[in-house]
Amino acid sequence: MTQDIKIVEAPEGYEGSGFFATSFDKVVGLARSHSLWPLPFATSCCGIEFMSTMASRYDLARFGSERPSFSPRQADMLLVAGTIAKKMAPILKQVYLQMAEPRWVIAIGACASSGGIFDTYSVLQGIDRVIPVDVYVPGCPPRPEQILEGIMQVRELTHNESLRRRNGPEYQALLASYNIQ
Amino acid sequence: MQLTNRSKQVSNKQMTFAERIYLPAIATGLGITIKHFFQKKVTIQYPEVKQFLGPVFRGRHVLKRDEQGRERCTACGLCAVACPAEAISMVAAEREKGEEKLYREEKYAAVYEINMLRCIFCGLCEEACPKQAIYLRHDEFVPVFTERDQVIWGKDLLAENMNNRYLRKAWTKEEAREQDLKGVEAEPRTQL
Amino acid sequence: MLTNQSVAEEIIRKFGDDVFDFEEPFGMLTFSTTREQIIPMLDYLKAHPQFQVNFLTDIMAIHYPDRVGQEFCVVYHTHSFIHNFRIRIKVFLAEADVHIPTATGLFASANWMERETYDFFGILFDGHPNLKRILNMDEMDYFPMRKEYPLEDPTREDKIDALFGR
Amino acid sequence: MTETAVAPKDTADLAQGEKVQYVNELTTLNLGPTHPATHGIFQNVLTMDGEKIVAGEQTVGYIHRAFEKIAERRPFYQITTLTDRMNYCSSPINNMGWHMTVEKLLSIEVPKRAQYIRVIMMELARIADHIVCNGILGVDTGAFTGFLYLYEKREDIYEIYEEVCGARLTTNMGRVGGMERDLSTTAIRKINDFLKTFPPVLKEFEKLFNRNRIFMDRTIGVGGISAERAMSYGFTGPNLRAAGVDYDVRVMSPYSSYEDFEFDIPVGQHGDTYDRYMVRNEEMWQSLRIIEQAMKNLPEGPYYADAPEFYLPPKKEVYRSMEALIYHFKIVMGEIEAPVGEVYHAVEGGNGELGFYLLSDGGRTPYRLHFRRPCFIYYQAYPEMCVGSTISDAIVTMSSLNVIAGELDA
Amino acid sequence: MDFSSFLNNLTPATGFFYFLSFLTILTGLMVVLSKNPIHSVLYLIATFFCLSGHYVLLNAQFLAAVNIIVYAGAIMVLFLFVIMFLNLKQEDEESKTNLTKIAAMVTGGTLFLIFVAVFRKTQFGAFNAYSFDSQVGMVESLGEVLYKDYLLPFELASILFLVAMIGAVMLGRREAGDRHF
Amino acid sequence: MTIDVALIIKAIIILLIFGITLLIAMYSTYGERKVAAFMQDRIGPNRAGPFGLLQPLADAVKMFFKEDFIPSQASKWLFILGPCLSMLTALMTSAVIPFGDSVKYESAPGKVWDIPVQAIDVNIGILYVFGVVSLGVYGIMVGGWASNNKFSLLGAIRAASQNISYEISMGLAIIAILMMTGSLSIRHIVEQQHGGNWNIFYQPLGFIIFITCAFAECNRTPFDLPECETELIGGYHTEYSSMKLGFYLFAEYINMFVSSAMISSLYFGGYNYPGMDWVQAQLTSSLGEIAGHNVGTLIGTLVFFAKSLFFVFFYMWVRWTLPRFRYDQLMNLGWKALIPLAMINIILTGGAILFLKPLIVSFLK
């Protein structure tokens, strides 16, 4: 490995002789950002590109995210890759509901983000109609690089998120706006 | 049913004794995987190492300016018509006096918006443009969004930055072919 | 080798006035028949010792809102593997009476194709074992492929006409 | 889908046909729509007696996107982007199939070079398609690694696509009347490289699976279907060939110069999963043969037909000459009238006969466009193929059928 | 003897004995009293553990281990297996007729009487610390007894097991032309 | 005082054994990911710390702070009991495995304590391991059943039948070893393989049977039916989140390590290695009696870990190579192939002990 890769940096904190103190939030955020287990909700073309992302050349494993958890309980981020038809929307929502907090959602590709070219009677015009979305990845389908960008964006969010955010009123209000208790 | 004389039976379901006792095949398999264990890895360390995406890759859009920095777009609307996703919209305006430095043609797009989440990067707009105005960059993606209201890109984001111009080997496919025939070295597919 | 001419003659000999509108667009034998004769026709072609048209390639429908009394056309594409010979059979139906007998008894593949046709156009295949929507949601109350229904999602909010550029 | 708290339906209803007395209590298992093995999206409601399946019913349409309806609103050249997304594992075949359909309607004769380039691209796409199918079959039997070895080569195919059209998956490749650009020297080099580097990898993959008894046991006799039933169910492509019928559109009704190439049609014996796997594997070898021949005999000449009304004029001309500009505008606006008529054109897609039935009334868009989607037609045989087997078999059968949701649901 | 002096005289071993006995009886009762058969089985397993504890106290380590391997490890797994398969839950609560109740009472009462009678007659053997052989429960002595004194019954039993096993395998054999499973 | 020090050493050894077991299990998860990646031409985790070494830590912290979800329809106590049982039984096994020879400690001149590097040396060690392993399935069964999910239940049922079936052939394979050694104590068995006199040379068939069964008992590919991802999503742990899932995953790796340790103890001589007498002699001569012995023990322990880790690697190697069996094939293999083979192995071993051994002994005389 000749290239320098960016590995984890110690979180900000106070360092003294023989001690190092940092906030708990930061450590947890750091740990979470390095262990985001994806739940691939792959329905169509973008799913194939997600496979490429998982495959050898792009290797999602580098970020500690190679363990796909097909059980929503164990997953940290929901990767919605592909068209979500209106028939599928309730199922998507249910999967989201089944996920344990903290959970993040990435909409991969034009179809999941906005419906893309399928502005039709049967296609949901963006999954943000049914569940809150943290990151949108444009492209149809996005290249694996872009999917990685999206995942890195989620890592950024994870890293900086306060431990209490999920109990906060803002988050509750966001969920309430989607009729999720 | 035999329809042609080119058929070829390919599946043999009879197992030999060696195949029947599992172990030789398992050993072969283990040999293959351990060989790969010591092989060079093909992974590209993405954020640090970026791969060249090919000379015609269809990445993010750019509204080209000409040599003097004038916008080339004449708001003819062909790109919007050609767009299968109906992601492009524009408002045309007449060029006023004194704006010759800004716009090359007499008509220009006062508003030019692309919904980046609708766009499918098919390249039809680039192909439809008769004014060499819109291109899909081969070296850059559209970044990811975190909010839905960031996704409609106006001219501020689309128009080319004169300080950091978008360059490419050939601007049309005919040009590319000529260069190719002349043997102009293709860009290597390595680090960007 | 079968020729369009010989097959057409044979069919006319068998079915007489029930087959009409013979055409050869791009070399494919095309003709129309009535809905009473479509199943006997498929059966005849399938059982015919020489033709052996034993493969149902496709069933689909077309909506012609302007043709009064012939608003719907159900198109059967059949194929004889042995002779590599394709036949297209059309049946025209009136909007008021969109019934047609099912071909599921002859071809297992007709099942879903007919369901799809029903789903899109509302054509009722009599005798079909399970004629319900297949691709669309069960709650849908119209047949989307008919020409009068819009393509776009009516709930789409970001749809501004300006966005369409035309 | 982990939510299995389905209302216990009357299971006897699901067991269509004769009433069978079941000793054990039957359970209903909801396989999908997000079960990892359904890859694409469809739901199988399986009625199980222990681990044995006694009946099954599928629900499809979870990604129904109304291709046919959209196609009625889009000019011909924009429909290419729709076909991309149909069988997304082998989009170039769909693209080319569509272009050939339109060319048939417009009676355009495509030059030999373009035809050969198309053949190369289509065969690459076929390899890409079969890589996914056979690799996933490996994954579903539990061996992930072989899939990744093959997938690496798939990335090489993507690179070739990128060189030719600029995208990886949804290629939007080719234009009505030919190709949008000629093969560049880089592309040719890459194809030749691929021809050299792919066989060892495929051989390795075969060594991992073909004669491994665990894999053979998992696949032999699983999900079998007789040739007769397969024909009745409208099987085409590798799945029909696995049942022993050597029907191949490329041979039966050659298009795009397939008659020039020497290749075999691999067939199986009983139409079971192993046969399907072997047929697909062999097809990859045959595709390589075809590409090799096409590369060797690649004719010189133009890569697009001389059809100024339909093929966009060179950009330089557009900037310079009025006539070209007018054609350019007319083509992009889709205002050139197509002849009235109906045309059915079939190509051998990754999964079988991919048919395009195009009905034109002379307008800028098709009056009706119907896709004969092989996946949609043969997937209905799935319950029949998996009844009586275990849930593991059902999953292996499903992945060996290579059901692509985009093609299934239109 | 009052309770406190009883506690004072308690050696660790006897204390452990009482504790185990208490647990054994408690879990044994719970087997009968639990409404959920799965719970019953789990309590039964706990009972076996307590019994194994008694074996250990008796210095019969082999028996303790075998008890766990055979009963807790295999037979109870099968019990649990069958019950899970049958999916018995809260149903069939009302199916006990008066006749069954009476029959159960009679049987239980008779059993209880027999127990009382047996205990009345029982004489506790005197414990002699000097003649006690600590190795009596060990594998070696067990083996000696089994392979010397009880060789024939032991061999017969093992043949019986072998035959049963082969029989089971034969029963599970697939008939020619049968679909697997 | 003197006894106390010996006890403290013993306590330290016990703590070390558990600590190391946990650590190895923890890094097995990392190892698994790296091995998988390397076999698949990938790089694997490399962002969390240098070479991704902090990856297990990140996973653990994340899991601790993940929402702990108990399905509303699940039976709550059993749902919690499942992973606990799994973890408990997995950890209990490592107690009787001899990790090394012994540590000598001289409390007073001439009074040397000899403390074996083993938590407890039970004279029925093998039976103990066997018993505890056979209990391991309860964690899976209870968890799978309590989840109230059909996939979990299927996984639990598969686990139960698989474990019972393969325990038999595993036991039969061990019996052949017992016939050779005549002891149930693992330490005895290990000591009998002194130097390069490993059981694998006498029991190749038994070894193959044993390792196959070990794969099945640990639910590893090709026998990972209880959890196989493509069929049952996660099998028994489908409904588990947070650290309860962590316990299940962790227990799997502990089991893997323990069974690797068993394999190396039973068939590969444990802490014995060829030429150890010579090494020991060199050490004692250069370092003195006690120190030399202790260093020798340390080397033996390292050899033991090297062997065990190789088998852990072997587990991963196999997992990323082979497809998995189907349920009925697994049963067939267990009942119709492995058990008869194990019996034949016993008969052969018996025959060899009765006839071949005296022959060879007399020949050598």
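The sequence lines fix the lettering, A, B, ..., with proteins before strands; numbering per chain opens at 1. It should be emphasised that the depicted structure is a prediction, and the values quoted were computed from it without experimental measurement.
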Taking every non-hydrogen atom, the tightest pair across [X] and [Y]:
X	Y	answer
D:Y151	A:I48	OH-O, 3.1 Å
D:L169	A:C45	CD2-O, 3.2 Å
D:T170	A:P141	OG1-CD, 3.1 Å

Answer whether the closest heavy-atom distance between the side chains of [X] and [Y] falls below 4.5 Å.
X	Y	result
D:H64	A:K87	no
A:F118	D:R85	yes
A:S52	D:Y158	yes
A:I117	D:R65	no
D:Y62	A:I91	yes
D:E152	A:R57	no

Under 4.5 Å from a heavy atom of chain A, the part of [X] involved:
X	result
D:F147	side chain
D:F67	side chain
D:T59	side chain
D:I70	side chain

Quick one: CG on D:D409 to OG on A:S122, what's the gap to the nearest 0.5 Å?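 Output value for this atom pair is 9.5 Å.
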Let me confirm one number: the CG-OG distance from D:L148 to A:S56, rounded to the nearest 0.5 Å. 4.5 Å
Are more than 12 heavy atoms, taken from residues, nucleotides or ligands other than D:K207, located less than 6.0 Å from that residue's NZ atom? no
Closest-packed option against chain D by number of heavy-atom pairs under 4.5 Å, given A:C140, A:C46, A:G47: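 Answer, by heavy-atom pair count under 4.5 Å with chain D: A:C140.
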